There are 2 protein chains.
Amino acid sequence: MATPTTAVDPQPTGLRERKKQRTRGALVDAANRLFLEQGYGKTTVDEIAAAVEVSQRTFFRYFANKEEVALAVLADAEETFLELLRARPADEYPLEAMRRAARQVWQLLDQGRVAERGTVAGALELFELIESTPTLLAAHLRHTLQQEVEVTRVLAEREGLDPAVDLRPRLLAAVFGTVIRLSHLTFATEREPHRQGVDGMLELMERHFDQLGPALAGSWR
Amino acid sequence: MATPTTAVDPQPTGLRERKKQRTRGALVDAANRLFLEQGYGKTTVDEIAAAVEVSQRTFFRYFANKEEVALAVLADAEETFLELLRARPADEYPLEAMRRAARQVWQLLDQGRVAERGTVAGALELFELIESTPTLLAAHLRHTLQQEVEVTRVLAEREGLDPAVDLRPRLLAAVFGTVIRLSHLTFATEREPHRQGVDGMLELMERHFDQLGPALAGSWR
DNA sequence: CCCATTATGTCAGTAGCTGACAATCGACAA
DNA sequence: TTGTCGATTGTCAGCTACTGACATAATGGG
């Protein structure tokens, strides 16, 4: 007897809230389109706001800065990763759990089920944009760092450790983030067609992880 | 405090060049002082320029942006690291060479012989400033990334590998950078007095490196 | 001592971002 | 249905980082 309009509300979504989400989504879409069309630097916030017919001031009420709107999709994917990692069975080894969660994110993305706005092709374009835009790259790296802190928390909890005492969770989170970044970078740079889809990305990640041990080995001969 | 001791001139510099270096150094000093006194965000470029009695426009001819002047000292240290790494004997294992070069940087810094402007205490303050200033942190991370590219080049050359084919140089450079960053972070956060000097930093780095293997091991139990 | 080069200053302008206040819109209950 | 309250938005004014263009001053070479 609670809700008059809808029987089941997964999220108690008022009309107001829905409108906000629509505006936010429109801003992300417009921004992405403009950034890819004419470049990040040559796109002004005014332009983005105008494309959605809101004031510049409103834009800054949704996003703290210009970088944030460009990285919004990525932020959703990272959120998904955290949820998947938390859901991994407790008896998996830490690194294994992370690798599998990462695989899952890409598979979900391939099915268009991540945050309703991401695609694999879009990810590729986004990575290219980020890597070729210094200020975006900087913001992205900082964001990645924050993600590492979250991952550290999850790992420590999984294993029942205090991350302030035991260095391993933080180290693994950091190294993992690094490997993922390198995979993304190679993915975005990679021009060979047989590696363009999700499978290409997944294979690339595996290759990087497999080289981690050898890279840290004493001798490379 | 910052001692303006410019003693040795390796390159026969003209009067003009020397003057430029003096201005640049003065800008770095003034900026550092102001940033530490009142914070990065509350210090304007105008203020820094005024403190050295140059115009704002001149400031931007020396530094591409406000972040750069804050990270200038760090950039010198990283340059030193590269030189030391290149000078390591060719038969050292890659990771060993990097660990030793890193040790050397800190020892030189402790002797006040890095870029005439760095001290260990100053490094600690700088790290705190960076970690507590989002925009500085972002710039720092991007800069670190560039350093990783250079390191990759050096490693690949040492071992006679093509970094475009073999993933190991880049992976090792990245993981190394990550471990160094975590050490710095802990160093800046660490409040226990017995770890404040160079020895504290060196011990911290060793501890992080020693945990790298265990962190990547399958099980943590 | 003069000339070519190069560092510096001045000025005007763009763009990101913020605080303050007023207008407007949606939620909810009388 | 309507009136009130709180949240969202627009407008405006302002600060700061940063850049291009042009004028001026300093320097090093001949």
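Note that this is a predicted model, so its numbers are computed, not measured. Convention: sequence-line order gives letters A, B, ...; per-chain numbering from 1.
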From CA spacing to verdict: side chain to side chain contact (heavy atoms under 4.5 Å, CB included), A/Met201, A/Val120: CA-CA 9 Å; A/Met201 180 67 232; A/Val120 174; over 6 Å; no
Between B/Ser183 and B/His208, is any pair of side-chain heavy atoms under 4.5 Å apart? yes
Shoot me the first and last contacting nucleotide of DNA chain D against chain A, ordered 5' to 3', at under 4.0 angstrom to non-hydrogen atoms. D/dG6 to D/dT11
Check whether A/Lys66 reaches the backbone of A/Thr43 with its side chain - one donor and one acceptor, N or O, closer than 3.5 Å. yes
Atom-pair distance (CZ on B/Phe59; C1' on C/dA7), nearest Å: 17 Å
Just call it for A/Phe63: base, sugar-phosphate, or nothing, with non-hydrogen atoms closer than 4.0 Å on any strand. nothing
Residues 48-56 of chain A, side-chain donor-acceptor partners within the protein, below 3.5 Å, at least two apart:
{"from": "A/Ser55", "atom 1": "OG", "to": "A/Thr58", "atom 2": "N", "distance (Å)": "3.2"}
{"from": "A/Ser55", "atom 1": "OG", "to": "A/Thr58", "atom 2": "OG1", "distance (Å)": "3.2"}

If you assign each of A/Phe60 and B/Thr58 to its closest nucleotide in DNA chain C, which residue comes earlier from the 5' end? B/Thr58
Measure the distance from CZ on A/Arg61 to P on C/dG16 and round it to the nearest whole Å. 17 Å
Looking at DNA chain C, which of residues 34-57 of chain A put a heavy atom within less than 4.0 Å of it? A/Thr43, A/Thr44, A/Val45, A/Gln56, A/Arg57
Parallel, tilted or perpendicular: which one describes the rings of A/Phe176 and A/Phe81, with boundaries at 30° and 60°? parallel
Would you give the length of the straight line joining atom CZ of B/Arg22 to atom CG of B/Asp29, rounded to the nearest 0.5 angstrom? 13.0 Å
Short N-O contact, B/Glu131 and B/Arg181, less than 4.0 angstrom: yes
Expressed in angstrom and rounded to an integer, what is the separation of A/Glu68 atom CD from C/dG16 atom P? 15 Å
Quiz: residues 137-146 of chain A side-chain donor-acceptor pairs under 3.5 angstrom, not counting sequence neighbours:
{"from": "A/Arg142", "atom 1": "NH1", "to": "B/Pro134", "atom 2": "O", "distance (Å)": "3.3"}
{"from": "A/His143", "atom 1": "ND1", "to": "A/Glu78", "atom 2": "OE1", "distance (Å)": "2.8"}
{"from": "A/Thr144", "atom 1": "OG1", "to": "A/His140", "atom 2": "O", "distance (Å)": "3.0"}

What class does the angle between the rings of A/His184 and A/Phe127 fall in, given that below 30° is parallel, 30 to 60° is tilted and above 60° is perpendicular? parallel
Looking at A/Ile130, is its backbone amide N or carbonyl O close enough to the side chain of A/Thr133 to form a donor-acceptor pair, meaning the two atoms are under 3.5 Å apart? no
Quick check: does any side chain N or O of B/Arg168 sit under 3.5 Å from a backbone N or O of A/Leu212, one acting as donor and the other as acceptor? no
Classify the nucleic acid contact of B/Tyr62 as base, sugar-phosphate or nothing, counting any heavy atom under 4.0 Å across all strands shown. sugar-phosphate
At under 4.0 Å between heavy atoms, how does the protein contact nucleotides 25-30 of chain C? Give one character per nucleotide, 5' to 3', with B, S or -. BBS---
Heavy atoms within less than 4.0 Å of DNA chain C: which residues of residues 126-134 of chain A have one? Give them sorted by number. none
Derivation of the salt bridge (charged side-chain N to carboxylate O under 4.0 Å, His left out) call for B/Arg33 and B/Glu37: CA-CA 6 Å; B/Arg33 185 175 51 75; B/Glu37 275 177 18; 3.4 Å; yes
Please determine if B/Glu148 and B/Arg153 form a salt bridge, counting it only when a charged side-chain N lies under 4.0 Å from a carboxylate O. no
